[in-house]
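Numbering of ligands and ligand atoms starts at 1, following listing order. All residue numbers in this chain count up from 1 along the given sequence.
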Amino acid sequence: MCSAGVSADVPATQVKMTTKCSWTCLMDRSHLKWLLLVVVTLLLIQYIGNLLVYKNFYNVTQYFNGVYWLGQAVSGSLYGVHQKKMAHILKVNGTLTTLGTNTTNSNTTVSMDLQTTMLVQPNVTVTVDTSTSSGKDGNLCPSTPPGLKGRIVPDTTAATWETLQAKYSTVEPGGRWRPKDCTSRHHVYIVIPYRDRDEHLRILLNNLHPFLQKQQLDYGIYVVEQAEGSHFNRGMLMNIGFIEGLRVSNYSCVIFHDVDLLPENDNNFYSCPQQPRHMSVAIDKFNYRLPYASLFGGITALRVEQMKNVNGYPNVYFGWGGEDDDFSDRVRSKGYQITRYPAEVSRYKMIKHNKDKSNPPNPVRFSLVRTAKSRFKVDGLQNIQYELVKKEERPLYTWLNVKIDEKKVLQTSYMNQFKTNPWLRNILKS
Ligand code: UDH
Ligand code: NGS
């Protein structure tokens with residue numbers, strides 16, 4: 001203990017400070033200053049650390065062989081940057097292992113690198129999402145389908161339609177299938193946007209049917225082909241497939257699937273977890289790395305009510321690019337988290353091809369993405385217009401041939417700000 005005192009017999013001008021040091025005062029004042037500084041720094045570090053402590057668990061899903069995925073979310077500010085963190089955790093034989101983390105700044109997600117650091121506290125209890133693992137029906141398929149191998153090599157040979165039909169004779173007309181011996185836990189439909197890619201479609205279906213059957217899914221495949229006469233519009237084809245699929249069956253989960261992506265791991269479950277999922281995380285074309293954090297293109301999985309809630313894809317993107325970025329913004333602006341399984345699982349091979357002639361890059365796509373928010377409510381499922389020219393239940397898929405009136409779609413008040421753009425002017429005057 002140190003104390004300071006003033007001698008009473010000294011004039012005020014000569015007031016003298018005297019210092020008494022008790023036996024506990026083991027250091028002089030300069031040491032004390034340093035000690036205080038260290039203590040304050042330690043407290044500050046602990047405070048910042050606490051902001052980033054992994055506390056809130058959500059979205060726990062079993063997705064293969066006794067392995068659980070769970071998002072562990074935390075929010076906080078470090079050096080003024082708002083951060084969110086998610087951990088991807090595997091539970092194998094009762095042991096929790098963290099595979100990697102997603103750090104998100106300002107609501108965007110970055111790809112994660114696989115690492116084996118243990119991030120969970122030892123007293124964490126993992127509870128499995130019972131919405132997909134229990135049911136009244138006693139004959140439910142097992143939550144872990146038997147016979148999954150993990151890494152698989154896609155077959156890139158283009159078999160003829162006749163060969164494929166014979167090979168997958170148990171598939172019902174319209175491309176529907178369900179396990180015979182048990183009731184599937186997942187009622188899923190796959191929507192494929194399509195134009196002039198016959199060979200890609202044959203290759204994809206040759207890979208997809210056996211893949212989905214091994215996963216014991218109750219599924220249907222819908223190929224939405226855009227008729228000639230308008231620039232390709234991937235977003236609208238997704239919306240149309242979504243609407244038309246629901247006319248056929250009461251699906252609960254939709255998977256939007258580019259025709260040129262082939263899965264390389266059969267543990268990549270084609271179902272919808274609690275949050276929207278970006279499935280094509282690691283593609284060979286990008287060296288198995290996610291090109292950018294908010295990417296939500298290629299293949300995505302959403303629950304039907306989530307797709308309705310975000311008003312679907314935008315309709316106004318004709319030509320290549322941007323519609324998936326707009327969709328990504330829609331999903332996140334509704335408060336959903338875009339989730340991703342580990343890159344080892346969400347692995348794809350892309351069938352090599354060049355840019356399609358009828359799908360040139362859209363020159364206004366960047367402006368459209370920048371102003372996307374203003375159209376979330378007015379442009380999408382809510383106002384879509386198309387003509388269903390033909391619908392056929394083909395042996396391996398349902399074929400929807402649709403006509404899109406490009407001029408009509410773009411002639412709306414919310415596109416007024418782009419009317420001076422030569423590309424758009426050209427379309428509108430044609
Ligand atoms: N699609 C068609 N027909 C088209 C255009 C697009 O079916 O004419 C569909 C198809 O499902 C495709 C998806 O829309 O997978 C996405 O279109 P894309 O494959 O053109 O876009 P992505 O960004 O590839 O996947 C761009 C071409 C990269 C060329 C690189 C050349 N080295
Ligand atoms: C972005 C595009 C996305 C596209 C992504 C990956 O630049 O639509 O590249 O493309 N966004 C815009 O153009 C605004 S890829 O390399 O797969 O061809 O999905």
Side-chain angles (χ1 to χ4, degrees), residues 108-109 111 154 156 158 190-205 207-208 221-242 254-263 278-300 313-332 338 340 346-373 375 397 399-402 404 406 418 421 423:
T108 57
T109 319
S111 78
T156 53
I190 319 285
V191 172
I192 303 171
Y194 179 86
R195 179 188 262 173
D196 196 20
R197 297 268 190 106
D198 183 80
E199 187 180 306
H200 289 186
L201 186 59
R202 281 181 281 133
I203 297 174
L204 177 67
L205 294 178
N207 285 274
L208 215 47
I221 297 181
Y222 299 80
V223 175
V224 194
E225 175 163 358
Q226 184 172 344
E228 293 305 321
S230 52
H231 289 104
F232 194 73
N233 188 325
R234 183 174 175 270
M236 269 191 91
L237 297 182
M238 300 303 201
N239 283 341
I240 296 168
F242 174 77
V254 61
I255 294 182
F256 298 108
H257 205 302
D258 278 0
V259 77
D260 51 5
L261 293 172
L262 310 173
H278 183 221
M279 301 183 70
S280 48
V281 175
I283 306 179
D284 62 346
K285 171 188 166 184
F286 299 121
N287 225 359
Y288 296 107
R289 285 184 181 278
L290 190 67
Y292 58 95
S294 59
L295 183 64
F296 201 44
I299 308 174
T300 53
Y313 273 85
N315 297 318
V316 291
Y317 291 76
F318 286 87
W320 183 89
E323 82 297 335
D324 50 348
D325 296 328
D326 186 314
F327 190 51
S328 170
D329 287 352
R330 283 172 184 235
V331 166
R332 285 174 296 129
I338 291 176
R340 293 189 176 98
S346 309
R347 226 179 128 85
Y348 286 85
K349 182 176 186 61
M350 194 181 106
I351 307 171
K352 286 197 175 64
H353 66 94
N354 291 321
K355 282 223 190 285
D356 306 86
K357 282 192 197 80
S358 77
N359 193 23
N362 178 344
V364 289
R365 65 190 188 280
F366 291 105
S367 319
L368 282 172
V369 172
R370 220 175 19 251
T371 54
K373 199 168 181 224
R375 295 181 304 274
Y397 62 93
W399 179 63
L400 301 157
N401 185 230
V402 297
I404 295 174
E406 186 166 356
F418 300 100
N421 181 282
W423 195 70

Next item on the list: Establish, from distance only, whether the side-chain atoms of Y348 and D258 form a donor-acceptor pair under 3.5 Å.
Entry: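 Judged by distance alone, the side chains do not pair up.
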Checklist line | Note, D356 side chain near R195 side chain (heavy atom, < 4.5 Å) | finding: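 No, too far: nothing below the 4.5 Å cut-off.
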Next item on the list: Kindly indicate whether the side chain of M279, heavy atoms from C-beta on, has any atom under 4.5 Å from the side chain of L261.
Entry: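 When only atoms from C-beta onward are counted, L261 and M279 do not touch, as no gap falls below 4.5 Å.
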Shortest non-hydrogen contact from [X] toward [Y]:
X	Y	answer
P154	P263	CG-O, 3.8 Å
G297	D324	CA-OD2, 3.6 Å
L237	Y194	CD1-N, 3.8 Å

Check: Counting only N and O atoms by type, is there a donor-acceptor contact under 3.5 Å from the side chain of R375 to the main-chain atoms of L368?
Finding: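 A pair under 3.5 Å: yes.
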Next item on the list: Before accepting this row, confirm whether a basic side-chain N of the pair R197/D260 lies closer than 4.0 Å to the acidic partner's carboxylate O.
Entry: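 Counted as a salt bridge, because a side-chain N and a carboxylate O are separated by less than 4.0 Å.
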Identify all N/O pairs between ligand 1 and the protein with a separation under 3.5 Å and present them as a table of atom names and distances.
unit_1, atom_1, unit_2, atom_2, d
ligand 1, 3 (N), R195, O, 2.8
ligand 1, 7 (O), R195, N, 2.9
ligand 1, 7 (O), R195, O, 3.4
ligand 1, 8 (O), D356, OD2, 3.4
ligand 1, 11 (O), P193, O, 2.7
ligand 1, 11 (O), V259, N, 3.0
ligand 1, 15 (O), V259, N, 3.3
ligand 1, 15 (O), D260, OD1, 3.0
ligand 1, 15 (O), D260, OD2, 3.4
ligand 1, 19 (O), R197, NH2, 3.2
ligand 1, 19 (O), D260, OD2, 3.1
ligand 1, 19 (O), H353, NE2, 3.4
ligand 1, 20 (O), R197, NH2, 3.4
ligand 1, 20 (O), D356, OD1, 3.4
ligand 1, 21 (O), W320, NE1, 3.3
ligand 1, 23 (O), W320, NE1, 3.0

Margin query: Heavy-atom contacts with ligand 2 below 4.0 Å: which residues, ordered by chain and residue number?
Written below: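 Around ligand 2, where the cutoff is 4.0 Å for heavy atoms, the contacting residues are K285, F286, Y292, W320, G321, G322, D324, D325, R365, F366.
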Notebook entry, point to check: Angle class for the W423/H231 ring planes (parallel below 30°, perpendicular above 60°, tilted otherwise)?
Noted result: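 Because their plane-to-plane angle lies in the 30° to 60° range, the rings of W423 and H231 count as tilted.
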